[in-house]
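A short write-up of the structure that comes next.
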Amino acid sequence: MAYRWKNDLSLADITPKSVYLNRRQILAGTAGLGAIGLAGGAQAQDALEPNTLEEIRSYNNYYEFGTGKEDPAQNAHNLDTSDWSVKVDGLVDNPGDYALADLLDGLSVEERIYRFRCVEAWSMVVPWNGIELADILSKVGVQETAKYVAFETVVQPDNMIGVQRRVLDFPYVEGLRLDEAMHPLTIMATGLYDEPLANQNGAPIRLVVPWKYGFKSIKSIVRITLTDQEPPTSWNKANAREYGFYSNVNPTVDHPRWSQATERLIGGGLFAGRQDTLMFNGYPEVASLYEGMDLSVDI
Ligand SMILES: Nc1nc2c(c(=O)[nH]1)N[C@H]1C(S)=C(S)[C@@H](COP(=O)(O)O)O[C@H]1N2
Ligand SMILES: [Mo]
């Protein structure tokens, strides 16, 4: 099947907009594209215009560098990303401490223009550059007994004001079920707008899971662990009633303190004001991962 998020939208298509819309029509008339590939995505993708680099780099959540939206851009220059290595351990065939370049060697970097929806009910559209997590996991060799993937962010206390102030229990940790991790929408981003990630966006490598609330997309990863137990996650540890393990974007399940039905698009532009939040953030192709689950209970 044709994966629409791979091929039918790129930066070149978006400017000028007329060309993009024209291409959209051409695609809609193309035989052979799976009905699912267009049905769910087409109308949602029409509005996908990336936020500016400036917007994406200046409005952040990265609590290691402070809790204000502008704190990470102020403070993250202190992050030391030199000689980055990622520990891969647990239920894998090839565990080890991988230099980042070795971990990614031979894997292809793609552009993915994704909606990004924070649990705080704001959103952006981000043109990521990244590698499918599935490719990395295949490379390290996932063992049959593995059921989950756990991730951990670097801790550099001297460089991180939020760590000094203990605003959260660090290291920041996150996790996915293995099938979520292997889904082709799930990427490890190393850049955006074809530039290396800014520190405040999670340099040098961070997770992006576009159908989940933004806090699942853990930044500056130094450890990936394959496990058979559901791993602890930072926001769930901080407040289990408000933040579950799954945290799929869901307009019908409100946060205990605010509605999740709509969101504020940062920057606004043509679509200023609030817009409707879409189930799975507009990525209905992941619905089958949750068949038989009650998503108002498994939040
Ligand atoms: N290590 C770490 N990762 C993190 C966070 C954080 O505070 N620390 N914040 C999360 C939240 S709440 C969001 S919305 C996104 C924000 O990503 P962005 O700043 O690149 O937009 O990062 C997520 N990843
Ligand atoms: Mo968030």
Side-chain angles (χ1 to χ4, degrees), residues 50-76 78-79 81 84 86 112-130 150-157 159-163 165-176 186-193 195-224 231-239 242-244 247-249 255 257-258 260 263-267 277 281:
N51 282 86
T52 65
L53 187 57
E54 171 64 20
E55 285 163 347
I56 299 167
R57 284 183 175 176
S58 62
Y59 189 91
N60 301 98
N61 273 333
Y62 197 165
Y63 274 27
E64 286 86 335
F65 293 103
T67 54
K69 302 295 177 221
E70 277 138 45
D71 291 343
Q74 288 276 323
N75 300 326
N78 290 319
L79 180 71
T81 59
W84 199 268
V86 180
R112 301 285 179 90
I113 302 173
Y114 282 163
R115 279 176 289 274
F116 187 85
R117 171 52 157 90
C118 176
V119 75
E120 298 161 336
W122 55 266
S123 69
M124 294 197 197
V125 176
V126 184
W128 302 105
N129 307 107
F151 304 87
E152 200 173 299
T153 294
V154 72
V155 182
Q156 296 175 359
N159 302 337
M160 294 173 150
I161 187 131
V163 171
R165 293 180 184 162
R166 299 168 187 263
V167 298
L168 207 61
D169 182 21
F170 297 111
Y172 194 101
V173 289
E174 257 306 336
L176 296 172
T186 304
I187 60 168
M188 294 284 267
T190 53
L192 62 87
Y193 271 114
E195 293 193 31
L197 286 180
N199 288 351
Q200 61 267 32
N201 292 114
I205 186 164
R206 60 92 61 88
L207 183 68
V208 178
V209 194
W211 71 93
K212 291 178 179 284
Y213 291 120
F215 65 82
K216 298 293 292 183
S217 294
I218 178 174
K219 295 177 169 180
S220 306
I221 292 166
V222 288
R223 186 173 181 188
I224 301 173
T233 60
S234 280
W235 283 103
N236 181 254
K237 285 196 294 179
N239 191 336
E242 298 191 349
Y243 308 106
S247 295
N248 293 312
V249 175
H255 187 280
R257 290 182 281 131
W258 58 82
Q260 295 291 26
E263 63 202 46
R264 178 174 57 94
L265 182 63
I266 300 298
T277 290
N281 205 23

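Note: hydrogens, waters and symmetry copies are ignored here, and every other heavy atom, side chains too, is used. Atoms within each ligand, like the ligands themselves, are counted from 1 in listed order.
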Atoms in ligand 1 with a heavy atom of [X] nearer than 4.0 Å:
X    : result
R206 : 15 (C), 17 (O), 20 (O), 22 (O)
C118 : 14 (S)
N60  : 18 (P), 19 (O), 20 (O)

For the pair E263 and W122, evaluate side chain to side chain contact (heavy atoms under 4.5 Å, CB included) and give the outcome as yes or no after the intermediate values. CA-CA 5 Å; E263 63 202 46; W122 55 266; over 6 Å; no
Report yes if [X] has an N/O atom closer than 3.5 Å to an N/O atom of ligand 1; otherwise report no.
X    : value
Y63  : yes
E64  : yes
T153 : yes

Which one holds for K216 and ligand 1: side chain close, backbone close, both close, or neither close, with close meaning a heavy atom under 4.0 Å? neither
Using a 4.0 Å heavy-atom cut-off, which part of F215 comes near ligand 1: side chain, backbone, both, or neither?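 Both of them.
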Distance to 0.1 Å, residue and atom name: give those for the protein heavy atom nearest to [atom].
atom                    : answer
atom 20 (O) of ligand 1 : N201 ND2, 2.9 Å
atom 6 (C) of ligand 1  : Y172 CE1, 3.4 Å
atom 9 (N) of ligand 1  : N61 O, 3.2 Å

Quick check on [X] - does any of its heavy atoms sit under 4.0 Å from an atom of ligand 1?
X    : result
E174 : no
F116 : yes
S217 : yes

Could I get the full list of salt bridge (charged side-chain N to carboxylate O under 4.0 Å, His left out) partners for E55, not counting sequence neighbours? none
List the steps and the verdict of salt bridge (charged side-chain N to carboxylate O under 4.0 Å, His left out) for K212 and E174. CA-CA 12 Å; K212 291 178 179 284; E174 257 306 336; over 6 Å; no
Applying side chain to side chain contact (heavy atoms under 4.5 Å, CB included) to L79 and F65, what does each step give before you reach the verdict? CA-CA 9 Å; L79 180 71; F65 293 103; 3.8 Å; yes
Closest heavy-atom contact between E120 and N61? OE1-ND2, 3.2 Å
Report the C-alpha distance between Y172 and W235 in whole Å, list the side-chain angles of each, state the deciding distance to 0.1 Å, and finish with yes or no for side chain to side chain contact (heavy atoms under 4.5 Å, CB included). CA-CA 9 Å; Y172 194 101; W235 283 103; 3.4 Å; yes
Just by distance, do the side chain of [X] and the backbone of [Y] share a donor-acceptor pair under 3.5 Å?
X    : Y    : value
T153 : I221 : no
N129 : T190 : no
N51  : I266 : yes

Closest by any non-hydrogen atom to atom 18 (P) of ligand 1: pick that one out of K69, E120, K219.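 Answer by nearest heavy atom: K219.
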Could you list the residues that satisfy side chain to side chain donor-acceptor pair (under 3.5 Å) with R57, not counting sequence neighbours?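 Counting only residues at least two positions away or on another chain, R57 forms a side chain to side chain donor-acceptor pair (under 3.5 Å) with E195.
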